[in-house]
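Worksheet for the structure shown next.
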Amino acid sequence: QLLLVYNRLMKTNIYKDNTTLIVRESDIFRVQHDILDSNYKGIKVTTLNRFIQSFSSLKTNWTIKYQIQNKFKSIIHELHYFKSSALSSAFIEECLSFLNELHFYDIRLNDLPTQTPTYQELKKLLEVIYDIQTNSSIQKEVLNHLPTLNDIYIDIQYPSYKEKQIIDILQSKGAICIQRLKHTPIYNYYYANNARCEVEAIAQQIIHDKKDINQIMIAYCDSKYNEIISSVFDRYHIPIHLNQTKSSSLAFKCATLLEFSLNPNPSTFLNCLTQGCFKNVEKLIEIQNIYPYNYNENYPNLNNITLNTDIFNRNEINQLITLIEQAQIQKNTINQSCDQLVNYSDFKELFITVDEILRNNIQEKEIKVLYQIQSIFRDSLPYLKDKEDLQLLIDEIKKIKTSIQTKRYNAIHVIPYSQVNTLLPTTYVCGTTQTSFNELNPLNGIFDETYVSNIKNYPTLMQRYEHAHLALVNKIKSGNEIIVSFPQSDYLGKNFEVALDIENLLNMESKEFPLIKQKEANEHISNLTSTDASSIYTKNHVIKGSISSLEKYVGCPYAYFLRYGCRIQEPIESGFNVQKIGTLNHFILETLVNRYSKEY
C-alpha cells in the first residue's frame, strides 16, 4: 500500500517539461531514474554550483593558492606569530577557505577582529589577499546579474545555511522551489551489536521480505559504513548504487616522485621504489632496506670480506653478494630516470620526466587521473619560481581521488544521511549514535568559533546550529516506512548510545535487529599417535632436548611439533635482524674494551 501511495505521488506533476531542475549532487542519479520512469521531456538536471557557474566564464582553480603564497611572501618579514607557517600548504588552504567565507557573507576588512596581537596579524594577512577572486566572489557577481528564472525548478528540500541564502536569491529572480507532500511515517527501531551486524541484518531483512530494491534507500550517519555496506551487500549479491572515492595510487606515485626530486635522499628514493613508481625493483627494495644509500651510490663490495666473528657465516655473505648484484642490475635500469628527476633545466622538463615514468606503469582505469595530473602541471607552470614552490603542487596532487561508483539502474540507493533530500518508500537510517547523528561541525583551526564570534555579519554558532538541527530532524519525519538502527559498540568494545533526537522522536523501545547467524564450524583435532610421536621425536628410544625446546613446548606444543618434530627451519635472512644487530653491538663493545681497556 505504501508503494502504491508513493507511485501515485510521484506521478503527479512534481516536475515540469522543458525546464532546468536543480538538485543535490548525490541526488542526480536517483532523479534521472525517476524522470526516465515517468513521461517527462526535456528536463535538464544540474546542481546549484554548476547552474551558477554556467552563467560565468570566470573560473577559479587551485592556482589561487600560488597567488596567496606570493602575497604572503611579500610581507613575511613583517610577521611574528605566523612567520613560520604562513607559506605552508595547510595555512594557505585555511586562509583561502576563510577568504571564501568573507566574500560570501560580504564581510569587510574593517569588520575583522583586532583585540589581540594574533588577530591583528591575521587581519594583515587577510588584507593582502582580500582582493583575490574566490568562488564566492564570482558566485556573488553572477547572482547579482541573473536574468528572470521562470523555467528553473529547485528540488532541494533541506538546504544548508549557505545554500538557503543562494536559493532565496534565485527565488527572488523567479525560480520555483518544489514542495513535496508531507505524511506520517511508520517507524521501526532496532539496535545491533556493532556496525557490521547492523548492516548484515539490513541485508538479510531486504532478502527475507523480498523488498523492491528500486524503492529502498540506505542513509548512513557514519562515513565508516560506506565500506561496510559495500562489502556486505556484495557478499549477499544485492545491487547497490553507491558513490565511493579513494586516494589515487597514481597520484601518490606522482607526489612521491616530486618529493624525491625536491629532496633526493635514501628515504625518498626508497619511497619511490615501494610506491611502485618503477617496475621490477623487488631486489633493489630489499637491499635498500639493508643499505639505505642514495640512488647514485654504489653498494659495498663484499667479495673480499674477512670473517672473524659469528655474526655472518659464509653462506649468508654469498647470499648477500648475490642480492647486491641483482639489486645493482635493477638500479641501473632506473638510474637515468632518477638523474632526470634530480637534474633538470626547468620545471617543464621535470614534469615531462614524471609523466613518462607514470605512463610506463599505469592501468587503464587510471587514465583520467593522469589527465588530472597533466592539467595540474600545466596550471602550475606559470607560478613555479623556486624548488620550494613544488610543495604546493605536491599537496594538491595528493588530494586527487578516484571514484569507485557502482551506478546501477536497478539498485538500492546508498547515501550519507547528511546528503539526503527525499526519502524513498522504505528507508533505512543506520548508525544513529550520539556522535554520528549530527550535521554541524563547529569551526576550528586558526579561524575558529571564538574568532568568528567577533565578526558582526558572520552567522552565529546558534543560528547555524538551529538551521542544521531542524534539517537533521525533519528529514527523518518525511518518509513512509523508516527503519532506524544504531550499533551498541565498536570492534574495540567502546559502547555507544543512540542520539537523543532519535529517542525523543521515536519515543519507543529499540529491539535487537534480527540476524541469522552462521552455524559454528565443527573443529576436528587430530592427535599424534604413540607410534607417530615415537618415530619423529625419539632416536633409539631416547628423547634429546634442551631448555629452549622445553620452553617452546610449554609455550606452544604445535610450534614444538613444527620445529622439533617436522624439523622446519627458519629461512636464512640476508638482512640485519634484531638478533644480529644485538650480536654485532656486543661484538663491538667487547672488541673496544679488549683493545682499549678503560680508554675505549
Side-chain angles (χ1 to χ4, degrees), residues 1-3 5-6 26-27 30 157-158 180 182-209 211-213 215-230 232-233 236 238 240-242 412-440 468-490 494-516:
Q1 288 178 338
L2 288 171
L3 186 56
V5 170
Y6 179 80
S26 58
D27 234 18
R30 187 188 62 77
Q157 302 300 312
Y158 309 103
R180 292 184 176 270
K182 304 292 182 183
H183 40 274
T184 305
I186 297 171
Y187 292 109
N188 285 299
Y189 183 29
Y190 296 104
Y191 67 85
N193 286 339
N194 53 54
R196 182 164 286 276
C197 289
E198 188 182 1
V199 175
E200 288 261 4
I202 291 171
Q204 290 178 4
Q205 190 178 84
I206 290 169
I207 293 171
H208 181 268
D209 295 347
K211 295 179 181 288
D212 182 356
I213 58 174
Q215 308 299 330
I216 299 174
M217 172 187 286
I218 299 176
Y220 56 87
C221 301
D222 186 342
S223 60
K224 296 186 182 74
Y225 278 70
N226 200 315
E227 291 183 6
I228 298 173
I229 292 171
S230 180
V232 169
F233 276 66
Y236 279 93
I238 302 174
I240 58 174
H241 167 74
L242 171 65
I412 293 171
H413 194 59
V414 182
I415 187 175
Y417 184 75
S418 59
Q419 296 178 21
V420 166
N421 190 48
T422 53
L423 303 183
L424 291 183
T426 301
T427 299
Y428 290 89
V429 182
C430 54
T432 57
T433 60
Q434 285 181 353
T435 52
S436 301
F437 195 71
N438 177 30
E439 287 212 345
L440 179 68
H469 186 260
L470 186 64
L472 180 79
V473 177
N474 283 346
K475 286 177 188 179
I476 209 166
K477 294 179 179 179
S478 63
N480 292 318
E481 180 191 14
I482 301 178
I483 298 96
V484 182
S485 60
F486 71 97
Q488 289 186 316
S489 64
D490 61 11
K494 179 182 177 182
N495 293 329
F496 295 133
E497 295 290 338
V498 71
L500 186 61
D501 287 316
I502 296 293
E503 280 192 334
N504 292 339
L505 174 67
L506 302 185
N507 195 25
M508 64 172 75
E509 288 291 326
S510 59
K511 299 176 291 185
E512 185 174 7
F513 225 141
L515 178 63
I516 303 169

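Note that these values count all heavy atoms, side chains included, but never hydrogens, waters or copies made by symmetry. Fair warning: this is a prediction, and the values are worked out from it, not measured in the lab.
The aromatic rings of Y220 and Y225 lie parallel to each other, their planes meeting at an angle below 30°, with 60° marking the opposite boundary. Below 30°, between 30° and 60°, or above 60°: for Y189 and F486 the angle between ring planes is between 30° and 60°, a tilted geometry.
Within the 4.5 Å cutoff, the side chain of P487 has heavy atoms near those of the T433 side chain. Side-chain atoms of I206 and F233, non-hydrogen and from C-beta on, do get closer than 4.5 Å to each other. Taking the side chain as every heavy atom from C-beta outward, T422 and S478 never approach each other to under 4.5 Å. When side chains are defined from C-beta on, L505 counts as touching Y187, because their heavy atoms get closer than 4.5 Å. Contact of the L242 side chain with the S230 side chain is registered, since non-hydrogen atoms from C-beta on lie closer than 4.5 Å.
By the side chain to side chain contact (heavy atoms under 4.5 Å, CB included) test, D501 is found to be paired with F437, H469, L472, V473, residues two or more places apart in sequence or in another chain being considered.
In the model, Q204 has a side-chain atom that pairs as donor or acceptor with a side-chain atom of Y236 under 3.5 Å. Side-chain atoms of E439 and S418 include no donor-acceptor pair closer than 3.5 Å.
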Taking it one step at a time, do E481 and T426 satisfy side-chain hydrogen bond (donor to acceptor under 3.5 Å, both in side chains)? CA-CA 5 Å; E481 180 191 14; T426 301; 3.1 Å; yes
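Note that the CD atom of Q205 and the CZ atom of F513 stand 5.0 Å from one another [nearest 0.5 Å]. To the nearest 0.5 Å, atom OH of residue Y191 and atom NZ of residue K511 are 11.0 Å apart.
Panel note: side chain E198, backbone G431; a donor-acceptor pair is recorded below 3.5 Å. In terms of modelled atom types and a separation under 3.5 Å, the side chain of Y417 and the main chain of I476 share a donor-acceptor contact. Between the side chain of D222 and the backbone N or O of K224 there is at least one donor-acceptor pair closer than 3.5 Å. Proximity of a side-chain donor or acceptor of N421 to a complementary backbone N or O of Q157 within less than 3.5 Å is detected. Remark: side-chain polar atoms of T427 are not paired, donor with acceptor, to backbone N or O of N480 under 3.5 angstrom.
The two residues L424 and Q215 come nearest to each other via the heavy atoms CB-O, 3.7 Å.
Heavy atoms of other residues, nucleotides or ligands lying less than 6.0 angstrom from CD of Q419 number more than 12.
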